[in-house]
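Because the structure is a prediction, the values reported are computed rather than measured. Indexing begins at 1, ligand by ligand and atom by atom, following the structure's order.
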Amino acid sequence: MSEHTHGLQHGLTNYGDRDFSLYLRRSFAQSMGYSRALLSKPVVGIAYTPSGFNNCHRHFPELLDAVKRGVLAAGALPIAFPTISLGEVFLSPTSLKYRNLMSIDTEEMIRAQPMDAVVLMGGCDKTVPAQLMGAVSAGRPAVMLVAGPMMTGRHRGERLGACTDCRRFWARYRAGEVAEAEISQVEGQLAVTAGTCAVMGTASTMACIAEALGLILPGSAAIPAVHADRLRAAEATGAAAVRLIGSERTADRIVNAKSVENALRALLALGGSTNAVIHLTAIAGRAGVKVSLDDLNRLSDSTPVLVNLKPVGNGYMEDFFAAGAMGALLRELKPLLHLECMTVTGETLGERLASAAAYVDRSIIAEREKPFEPQGGLVALFGNLAPKGAVLKRSAADAKLFEHEGRAVVFSSLADLAARIDDPALDVTPQDVLVLQNAGPHARACMPEAGYLPIPKKLAQRGVKDMIRISDARMSGTAYGTIVLHVTPDAASGGPLGLVRSGDRIRLSVKQRRIDLLVEDAELKARAAALKPAPMQPERGYAKLYAQEILGADEGCDFAFLRPATGLP
Ligand code: FES
């Protein structure tokens, strides 16, 4: 038997006799009905993630057929394999807890099984970062196919899309402006097709970031899930995977300091999700690239917001697709990008963007000289409340609150928040600053998207739409408001956020990039000495691994042992 190590011969099961291992593998593969001729081809694995608990991936069977067509037509054998799937709203306490688990699953199954290249099929919020983290660590040639966004629904003549409109209607319902009957009608119109959330939420942001990094086919990030172009993109992705075989275009090479900077520029110009900062930090970290919040601020100062999509603007992903999508956006950003970056197709980014865009709808994608906002959508804040940083999505916030000092109203946990936020006796005014503690990565809550604290009901009913809210939690990419997130170190790991008491004064200055607790150092030291931290100490299983290994938001909430052995610069 030959010594080739491609296709099924790759990484043989160890029985102490290589030829026997191959003979046995082929025999078992033939039990699935493959011919010897097909079994001698190179293999493209397909990391396949449909799940009854993942509505966003419900069209994956059809997409899989198209990917397989592309692989077969290009001369290789497609073999799909399942990994964990993470359906955002079906996971408790929060999907972030399981992102690293999915990345481990993806990495190990790519490495352990015989494949020459891999197609990653993901879409819902955590699946794209998990698959990219796994693929970078696995170091095999990889190309991603994203699910694509949902189409919008209709309610009384108005377009609705998950999930900015979910929150808008819910806020109106809480304020008594929308009746019970109407909110249940709206519920049926928010998510009406397969695919990921219809606005520039986390899933869409991560799809666009994957395109900016060069890890999905050009033009494929924004194709709606149910559009025939999505199937054509799937077929082309299968063919692209075959062309990757034997190349050096592995995910760990495509992700580098320059492509990560391109992705950060894209994130800022999109007015994309705050979650993407964590995910991009984690993906880059797997390739040995450090993303710092200082870098984010540096890039944010010189990257305009060019995309007019909810939650920052007005449009939906279907509009972004029709407007020219990432090709149009990246062309606008061209002078700011590292054009020499290699993409998964073998073209550099510059080669990809060499020709002019055929059409751009300027109501959705602005020219760089006429931006929707002159600076990037996200800004990092530092100060004695967040020594290692925090993030504010200024493009989705009320600028009137950007320079503000107010009294803290503190909730010590999610349970405390739920118990008291709507209490008519809660001592709170619109000028106060709502603070949520113990919702960061080291808390039992595992950093849920709880940073979008509801406006206390009694204020919502008076028409208050926004207040400063601060936490160590995350926020859904579809949410909006003057919300300071990812405060690091988090309260559960001893960060100063845990030292805030109701009645303290807090100052936010977006101009100075600062978030400060106006309490004397001596008092803070005394509070710290009196604090009895109660770190989570699960006895077994994945929860134990999570508690032992989880890193802070500034390190992408990755697990320490999953980062490169050589460490980060
Ligand atoms: Fe899957 Fe929003 S729930 S992308």
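Under the 30°/60° scheme for interplanar angles, the aromatic rings of Y542 and F559 are found to be tilted.
Residues H57 and C124 have side chains in contact (heavy-atom distance under 4.5 Å, counting atoms from C-beta outward).
Residues in residues 136-148 take part in these side chain to side chain donor-acceptor pair (under 3.5 Å) pairs, two or more places apart or across chains: H10-R140, S137-R286.
Of all protein atoms, those that are N, O or S and lie under 2.8 Å from atom 2 (Fe) of ligand 1 total 1.
Residues T152 and E318 have side chains that bring a donor and an acceptor to within less than 3.5 angstrom of each other.
If you run side chain to side chain contact (heavy atoms under 4.5 Å, CB included) between M317 and each of I223, L309, V199, only L309 comes through.
In this structure, E211 contributes its side chain and G219 its backbone to a donor-acceptor pair below 3.5 Å.
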